[in-house]
Participant: 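This is the structure I want to talk about, given as structure tokens.
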There are 2 protein chains.
Amino acid sequence: MVKTARDTGSAVTDPRSFERAKALVHRIVADRHDRPSLVAGIACEVGAEIIEGIRQAGDDLNSVELSRRFATSRTPIREALMLLEKEGLVDVPPRKRPRVAVPDLQDIREIYRARAALFELIAVDVAKGVSEEGLARLRHAFAEMQASYRAGDVSAFVWANVDFYDQNTLLANNRTVKRILDSLLLRTARLRRLSLSQPGRMERSCDDHARLLRAYEDRDATLAAALIRSNHINALAALEAYLTRAA
Amino acid sequence: MVKTARDTGSAVTDPRSFERAKALVHRIVADRHDRPSLVAGIACEVGAEIIEGIRQAGDDLNSVELSRRFATSRTPIREALMLLEKEGLVDVPPRKRPRVAVPDLQDIREIYRARAALFELIAVDVAKGVSEEGLARLRHAFAEMQASYRAGDVSAFVWANVDFYDQNTLLANNRTVKRILDSLLLRTARLRRLSLSQPGRMERSCDDHARLLRAYEDRDATLAAALIRSNHINALAALEAYLTRAA
DNA sequence: TGAGCGCAAAGTGTAGACAGTCCTTATCCA
DNA sequence: TGGATAAGGACTGTCTACACTTTGCGCTCA
């Protein structure tokens, strides 16, 4: 149907994963305006298709075709694509056809480093002020990650990992940083799966997160910050290894 | 013309400052698509009016009225307002009139902390790799700050300060972090003036930046990171003091 | 007087149309 | 054969129109 400019792994067809992707786009795009909106619905659907690899980097996003598919006029389609452009999922050049954004290696490096810096901020706050209930939630999310790892389910692991970090940002109670991190997550969501499907990556990630959890239990903010940073550096290294090998 | 929900200081009428504000909005909103665009033009104009305080927090942004003023239809107006909403300058509730966003104290705190975390990242990179030419540019920007301080021109100082930090992000060569920082800057641009007009703030800021510059000259990344963090903490403290006194 | 109700005006969200730009393809010339 | 070019179709940016929602105001009734 659409031609591929740069293949970044095969499409995910698991409907549960697709729903998770849609929800992820939704909470960024719809933000606090939680009323159902035509534009937000379109953005979530198309955004999830990009994240799940159904639409590959470089694919055309023809507004006429999309308006037919969603049985609306082009106005809401254009607005939805603008939302996705702001999140870095879509590229809308003036007077030209919108396309699925093609992230380059520098972008990816920058995103991981920015994420690391902001998560350090989060980790310090969590370590300093986490309640027993908060710890329980983190443990629960971590248990999901372990279960997915044992089941060898990369897709489930990715989303469990998202949940784990979500718990962090929620506990730190910082909307601004949460928004930025969510936005950065969106851009790399597609790639995380690739990074984590590297042999040994899930196991290593589990170890790292176990240590982070212990640092939280000990209320050791400095260690937690260092660990969360190294988590990100490791993830980036695995991803870079994959991408350079693929190229 | 428009009624004020919450006054956050008087409007700036200096046309040079207004042009700077417009340019600031432009580089975020138009990003790399540098072709002149109707939507971007409207967004810059309205955005600058918000930053400069010509439109106060809570003011209505009626799309019909704006379309009359810019002699266009409502479609590009709506798109421009959506862009500004993504940057946190405007609030567009569904089915209700768009308004100039009203930042609350928690938002402001979060923004300053996020900025501090990301600027640390930038400072480390700059300190590690800055060339003699880069240092010269930083010194030049700093000299502008000092000149504005001596002239007692808060508005000029604010923009000189923006230039100084711009040099930092440019030298670190990190587009992603630059984009995020620009966006965060936009949200607080209006408030920075208030913070810096506090007695002694400009002088203190000059001292802080002089020390930062020395850290760069010594290629001391750790010190530079610490200094840039403390700059932000100081600025936030001054702003909080002003806002609580005003309330 | 004051709270509740209903109506008119104002404003938003979407549709559909049109002009201008871009892209593709077929044709021409070297 | 290969590269330039022009015509046609495809697509975008913007405009106008319209249905539906919200808002503000005046009226009723206690």
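Proteins come first, then strands; the chains are lettered A, B, ... in the order of their sequence lines, and each starts at number 1.
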Participant: Under 4.0 Å between a Lys/Arg side-chain N and an Asp/Glu carboxylate O for B/K22 and B/E49?
Facilitator: no
Participant: Any salt bridge linking B/R187 with B/D182? Criterion: basic side-chain nitrogen under 4.0 Å from a carboxylate oxygen.
Facilitator: no
Participant: Answer yes or no: is there an ion pair linking A/E79 with A/R74, defined by an N-O contact shorter than 4.0 Å?
Facilitator: no
Participant: Let me have a per-nucleotide readout for nucleotides 10-20 of chain C, 5' to 3', with B, S or -, counting only protein heavy atoms under 4.0 Å.
Facilitator: -SBBBBBB---
Participant: Under 4.0 Å between a Lys/Arg side-chain N and an Asp/Glu carboxylate O for A/R20 and A/D14?
Facilitator: no
Participant: Nearest-Å distance, CD1 (B/I77) to C1' (D/dT16)?
Facilitator: 15 Å
Participant: Count the heavy atoms belonging to other residues, nucleotides or ligands that lie under 6.0 Å from CZ of A/R16, then report whether that count exceeds 12.
Facilitator: no
Participant: Are A/D59 and A/R99 ion-paired here, with the side-chain N under 4.0 Å from a carboxylate O?
Facilitator: no
Participant: Indicate yes or no: does A/D166 engage A/R137 in a salt bridge with an N to O separation below 4.0 Å.
Facilitator: no
Participant: Identify all pairs in which a protein N or O lies below 3.5 Å from an N or O of nucleotides 7-9 of chain C, and state each distance.
Facilitator:
none

Participant: Which pairs pass ring pair (Phe, Tyr, Trp, His ring centres under 6.0 Å) with one or both residues in residues 85-123 of chain B, sequence neighbours excluded?
Facilitator: B/F119-B/Y165, B/F119-B/H232
